[in-house]
Structure formats: C-alpha cells, structure tokens
**Q** 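First the structure, then my questions, so here it is.
The chains referred to below are lettered A, B, ... by the order of the sequence lines, with proteins before strands, and numbering in each begins at 1. Nothing here was measured: the structure is a model prediction, and the numbers come from that model.
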Amino acid sequence: MLPFFVGRLTQAMAVMVAVALVAFALFTYVGDPINNMVGEQTTRADRDKLRESLGLNDPVPLQFARFVANAAVGNFGISYRLKRPVDELIAERMPATLELVLISALVSLAIGIPLGVYTAIRRHSLISRFILTASLAGVSLPTFIIGIGLIYLFAVHWGVLPSFGRGEVTSLGWWSTGLLTASGLKALILPVTTVSLFQITLILRLVRAEMLEVLRSDYIRFARARGLTNRAINFGHAFKNTLVPVITIAGLNIASLIAFSIIAETVFQWPGMGFLFIQAIEFVDIPIMAAYLVMAALVFVTINLCVDMLYFVIDPRLADDASTLPVQSR
Amino acid sequence: MKVWKYSGALALVLAVVFAVPAQAETVLRWSSQGDALTLDPHSQNEGPTVTMSLQMYEPLVGRDSSMKKQPALATSWSLTDPNTWQFKLRQGVAFHDGTPFTAADVVFSFQRAASDSSDFKPNTKGIVSVEAVDDFTVDIVLEMPNPLLPDQITNVFIMSKAWAEANNVVEPQDYKQQEETYAIRNANGTGPFKLELREPDIRTVLVRNDEWWGLSRDPHNIDRIEFRPISNKATRVAALLSGEIDFLLDPPLQDLKRIDGTSGLKTLRVNQMRTIFLGMDQGVAELRTSNVKGKNPFADLRVRRAMYQAIDIEAIREKVMRGLSIPAGFVVPPGVNGHTPARDARLPYDPAAAKALLADAGYPDGFSVRLDCPNNRYNNDERICQAVVGMFGAIGVDVDLDAIRKSLHFPKIENRETDFYLLGWGAPSTLDAQLTFLLLTHSKGEWNPTGYSNPKADALIEALPIELDLDKRNAKMAELWKIVQDDIVYLPLHHQVISWGMSDKLDIPIVPNNMPQFRWARLAS
C-alpha cells in the first residue's frame, strides 16, 4: 500500500509541473495584461516600466522557472486584478465552490442511483420510459440555458429565489459557509439544481447501463436458479458490481466540477474558484491563471487517488495484490 | 393588582411600538458588470474604480451632474501668478476616521498621486510642487502656465496623511511588493459615504456620512449602499427585473425595451464621452496585410475619403446599435471643449462617389486589407466591424476581419502592427480636446499608430496648452480641427450612448462619464 501511495505522489508532482509548463506556454496567446492595469492616458514609458517590472518581457522558460522557484517556497505571487496574494484568494473562494459541488454531487448520487436502478429493473414500465425521456433533456440542454431558465422562472417570474450571489454567509474560521442561514440555503437551490441536472442524468444512465450488463451475466442467472429473492439478487449482487465504474466517473466529475464549474458560477455570480479563474482569463491575470491550473491538476490527482482507494473497499480482490490496481480507470 | 399587571403589559407594547424608528433605513442596491479593482484612490485610473472612489473620497475641485466644475474640498481657486494656482480649502471637514482635513493632506495626496506606482500621473503632469501656505491654503506651482489645471485634477482624490502613514500606505501598491497593502480593502476619505464592508467581487457596503459637509448642497436620502457586481448579462437584467437591485449601471442594449416595458422600472440615456472610430496606417511604405505591393493605398487621401464615404453610419446606428449611438464627425465627443455640432458633421454616405474616388486613385478594382477589431471592449464592437466590412465590400475593398479579445488587440495598436483597426477614445479628465489631439494626431502621439504626420498640425497641438488667451486658443483649436478633418486622419464612426436601468422610485441624474454619484440620488420608499 505505501509504495503505491508514494508512487502516486511522485506522479502527482510530475503532472503538476507539466501542467504549469503547458500553462506558461499558452499564456503568450492570452494577450497583454498591461492595458487592463493602467488608465487610458498612461504613457508608453510607464507601461513599459510596469511590463519590465512584472518580468513580462522575459522569455517564457525564464518566467516559468521563476514561477516554479517561487511556488516551491509557497509564493504564488500577487493577482494583477485584485492586487492580493493568489493563494489567499483561492483559499477564500474555495468554500463557495466546494459547497456547491459537494451538495450537487450528493443530490445527483441520491437521485441518479435509485432512478438508474429502477429503470434497469423495471425496464419496460411507463415510468422508466418517462424518466429516460426526461433525462435526455438533462443531458442535451447546456448548463447556461438551464441556469438562465431557472432564474427567469424562480427569480423573475415567481420571485421566490435569489437570482445571484451566495446570500448571507457565516464564517467558521477560514471557512465561509452559506449552509447556516436561510438566505444562504435559498441561494444554493438554483445553482445546485443547475449543476446536478446534468450529473443526475449522467449517473442515471450509467447505473442503468451497468446494471443491465450485470443482470445479464452468468452469476446472476445462477443466483436466480438458486431461487434467491429478487431483492437479494438486485441489491446484494448486481448493484454492488455496478458501483466500480460509477464511482470512477462520479469521482472524476466531481474533480472537474471543483476545478471548472465555471458556467454555473458565472451565471449565478457564485463567488467560487471557477468564477475567479474566468475573470482572471478575461483580465490576463497571469499569477491567478498559473496557480489555478496547478491547483486544478492537484484536485484531479487527489480525487483519482481517492477513487483508487475506494476500489479497495468495493472489490476485496484488489487488496490481495496492490500491483493489479487499475492504474488509470477510464 | 390586576390593573397594574395589565398596565405593565400595555406599557411594554407601547414601548415596542414606539421604539421602531419612524423611518426605515433607505437602502440602495445596485449592480454593474465589474467591481472596482481596488479602493486605493491613486492606484487605478479606470471607470468602476474611480466610480467607487467618488462615493468615499473627494478631490479639491469636483464636477456636478452636468459635468461643470464645482467646489469640493477647495472652496475657491485663482491664479496668483501665471505658474501658480492657489486653492482655498474648506474648513471644518473631517475624514471618516475623525482626523481633521488640512493643507498637509493635500500636499501629501498630490505627492502620492505623482509617485511611481500611481496611475494618476497624467493628472499631476506639469505640477512642479504643491505647497501649504497655511492650514487652509495651498499653492500648486506649475512648470508652465496651464489654464486647465483645475479641470485636470478633478480625479485627484485627497487622502489623510496621518491615516496613510499609520497604515503604511504612503505610496500606492507596487506589484513588486508581492503583498496586499492596507488601502486595497480599506478607505478613509471625506466624501458622502463611508466604507462598511468590502468583499472584492462579492459585495461592497457603504453607509451615509452624516458629518459630510455637502449635505445641504446635495441632499440625498441614501442611508446605505449595497453594491454587488454581476458579470453575466442575462443574470444582471434578471436581478433588476426581479427587484433584487434598484439600479443597474450597464443593462445590455437588447434588454432596454424590456426594462422600459416592465412596470416599476425605467431607463435613462445620455451620450457617453467615448467615440468609436477606425484608424488606417497611412505612414508605412507598404501595408502588411494588403494585396497592393510597393505602395500604401491609405497614404492617398482619395482612398481614405472613399473609405469614409462608403460607411453608412445611419444603418449602423439603426441595425447594429439599436439607435443607441450618435454619428460622429471626429473622435472628440460632445461635452468636451472644442466640440461643436458643426465640427461633428460627417462627409455624406455616397458609395458611388467612393467608387469613383477609388478608381481615380488607381484602384478601380479595389484592394484587400485586414481590419483588426476587439470583441469585448466597446458596445457591439465586433458587429460594428462586421457591418463596415460589408460596406467596404460594396465599393470593392475586400476587408478581412480579425476580431479578437482586447488583451490581444491593444498590443497590436501599441506596437504599431496593424494596418486598419477599430478603437474607442474617451474624454480626457480635462474635458478639453487638446489632449486627444496630442495623443491621437500628433506625429509622436502615443496612440497614433497611423503614421500621420503634419508639421502644421503638430505645431498647433504644441501651441494650444501655452495659449492663455481664450479667443486665440479657440481659433487655434478650430484651425487644427479643420486640418485633421480634411486630412481624414481617422474614419470616425459614432459616439456611444450610455443607458442606465433602475427602479422608478429612484431619482438620479445620468452623467456622460458613466460614473453615477449617489450623493445626487433620492430613493422613494
């Protein structure tokens, strides 16, 4: 177990450095931040001075080396747009994103898995057909349309939910939570619905497909032949075996939501990390973009690791021989 | 006993009833696309940031809602000799933290605004020194005479020297410091509102400054201002429609009708001090992106005139801008000294004449060139470019459009890498056209990548700031205006129009610099 863990950590570092390198190579194409940082009447000489002092005239490899050297000692620089340390900004925005994503994930699992199981077991019932048709809408509608649609219905038309923001938040140490106030909870409803709609349909369809596959396999037939109850077959045998791919996909989806729930955060002016990132791109805020992409790599690597750990729990065969672990599932 | 009991209860009920204040707090909730970049009043010379500063900080000389100069922290000003402006300061004013305001704060603030890391250096240009004569008199000594100095310093905000020193913010933040300074999220001005809460990008809460000296002149009734930026257009409008905000600075053009049609909401419009135009590199020997080799078509006045007359500005106004633009005759907007309606007249739209001019210049079949255009800077910028591309096509000029983000577009102009580009230009803080001419049409102008160079125009531009006789100055301005217009240095398009959306309970004058000041606001309950 330990060598596996250490191996994974080394991999993680390599991934993060590679992401930073690619990011820096791309920054050249995002443009010049200087024009966003000074007024219209600022002289050419002052612009050049600022550009020089930020090191923007240096070759990319040098800029990259400087970033890595500073990051190694925990210094990610200062945001061009907000003029505050980048690590502080990301830490400040993280609770908003994590609350949104984790609650959405819970909602999608809580709704998606039962619906998936149901539609697999009662394949031909009218309700199953209805659920599957409705889920098509969930997969095919883009997030921003769902978000704007919900805003127009619930905020503008009925006036029952806020159209933007996080409501009142409470500070618990460095963590700011919207879960403890009524306005914070109300503010969560529309963004959570928007984010989870796609996830629900995805999990539903995945669970259903896997379940159908498993239900066709020999050991299920054998179990039926033994006269086991439907309940024992469906939940004790079939369902458990559908979980490995579901956890993999759900885990990766959570990672990508944490790192890039940009659209939902933009539509609802949700003060999370994805929103911070999109505004950084708009402004060419290089320190934030660089630190953020590295952090996103970290999130992916960590979640992947957690997913791999979960395999041990679900599939006891793996514990016997760690080397047979699926290195990178899907 | 029983009676006593009940009367006690009655007294309690009465106490509760009367303890409720007679008037509830008047809260103004507003939104805009972007937040102020900092609260430091000398760090960023940019619209939303200056708008925020204007609520909390004050300059010596301010502007009223019709953009005329108005006493602020100075009560009067006069020239004591050609190079010295003397300002009499307002007495009995205190900063929000209670420190009294004196001449030392003015001296300090001008030094701070002129420091290396300040973005307001253009506003302190030409100032040699600022000297305190006594506690309430300040002399501003200039390099050379400048009649526009009071106009030039309308955005130089006054900070408390004691506060800045105590909090180690004697200079605006330098990016090299690698840390946040105190003035980024804290403010201490003399203005009508005090900072209560600052969460960048999320919310900023200001409260009424009851001690403000100007309450009798600007009797606003706002107790509390809550600003929450919303970057997404559709969400912004939804927040206004749903009544979550009372004031929206930048409703999208396509939603104005809807806002007007909603009961309880209204829009206001005024021409903005920003002009959109096209620039052509007429100085380079051969265009970089043209099929014409060995010569530059734009160097020929007839070609520039043909391009001008090919533009159907009314069509752009109606179809692209939904009526929200004012056709322009030059890059100086109305409201700026030098602009007159006559000077804002355009050459007529005449594609036939344009074709004849092209043929005359030796391009009967036209030529090709690339147009560089930003797509996230001005109102409908990319669609304006698409429209003109079609119009140039109609006279045979084949224009290839390259619409990109502003952070990629502006370096092209700055590095002089563009043949043909779209740009917008705002009003200088002096509200005088001289600076626009200097930057945009002088042969060494920092924003003149066109290679236009006319010694006569250069001489006039240089003569304007030192001409103290108003009539002579106006005559020179008129002459200069005619030269650059006749030379067709630029193809002017239009002045932008601002629109604000708001609850009809709110009464606030719209201003052409697009910076609302809530000291003018009244909100009915």
**Q** Using non-hydrogen atoms only, which part of B/Asp116 is less than 4.5 Å away from chain A: side chain, backbone, both, or neither?
**A**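 For B/Asp116, the side chain is the part near chain A, not the backbone.
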
**Q** Please state whether the side chain, the backbone, both or neither of B/Arg236 comes within less than 4.5 Å of a heavy atom of chain A.
**A**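 B/Arg236 has no heavy atom closer than 4.5 Å to chain A.
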
**Q** Go through the side-chain N and O atoms of B/Ser407 and A/Asn35 and say whether any donor and acceptor fall under 3.5 Å apart.
**A** no

**Q** Is the side chain of B/Gln173 donor-acceptor paired with the backbone N or O of A/Lys83 at a distance under 3.5 Å, no angle test?
**A**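 Answer holds: yes.
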
**Q** Restricting to side-chain contact (heavy atoms from CB on, under 4.5 Å), what partner residues turn up for B/Asn513, sequence neighbours left out?
**A**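 Only B/Met67, B/Val511, B/Met515 meet the side-chain contact (heavy atoms from CB on, under 4.5 Å) criterion with B/Asn513.
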
**Q** Quick one: what part of A/Ser79 sits under 4.5 Å from any heavy atom of chain B, side chain, backbone, both or neither?
**A** backbone

**Q** Go through the atoms of B/Ile404 and report whether side chain, backbone, both or neither lie under 4.5 Å from a heavy atom of chain A.
**A** neither

**Q** Does any backbone or side-chain atom of A/Ile281 lie under 4.5 Å from a heavy atom of chain B? Answer side chain, backbone, both or neither.
**A**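 The answer is both parts of A/Ile281.
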
**Q** For B/Ala433, check side-chain contact (heavy atoms from CB on, under 4.5 Å) against everything at least two apart and list the hits.
**A**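 B/Val332, B/Val336, B/Phe437, B/Met477, B/Trp481.
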
**Q** For the residue pair B/Asn376 / A/Glu282, report whether a side-chain donor-acceptor contact shorter than 3.5 Å exists.
**A**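 Yes, a side-chain donor-acceptor pair sits under 3.5 Å.
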
**Q** Quick check: do A/Ile148 and B/Asn232 have side-chain heavy atoms less than 4.5 Å from each other?
**A**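 Yes, their side chains come closer than 4.5 Å.
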
**Q** Between A/Gln279 and B/Ser231, does any side-chain donor sit less than 3.5 Å from a side-chain acceptor?
**A**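 On atom types as modelled, these side chains do not qualify, holding no pair under 3.5 Å.
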
**Q** Under 4.5 Å from any heavy atom of chain A, what part of B/Ile202 do you find: side chain, backbone, both or neither?
**A** side chain

**Q** Can you tell me which of B/His409, B/Lys233, B/Glu244 forms the most heavy-atom pairs within a distance under 4.5 Å of chain A?
**A**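 When all of B/His409, B/Lys233, B/Glu244 are compared, B/Glu244 has the most.
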
**Q** When only pairs under 4.5 Å are counted, which of B/Glu199, B/Lys121, B/Lys125 shares the most heavy-atom pairs with chain A?
**A** B/Lys121

**Q** Identify which part of A/Tyr29 has an atom lying under 4.5 Å from any heavy atom of chain B, answering side chain, backbone, both or neither.
**A** backbone

**Q** Which residues pass the side-chain contact (heavy atoms from CB on, under 4.5 Å) test with A/Pro287, sequence neighbours left out?
**A**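 Result, side-chain contact (heavy atoms from CB on, under 4.5 Å) vs A/Pro287: A/Tyr80, A/Val86, A/Asp285.
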
**Q** How about residues 165-179 of chain A versus chain B: which residues have heavy atoms under 4.5 Å apart?
**A** A/Gly165, A/Gly167, A/Glu168

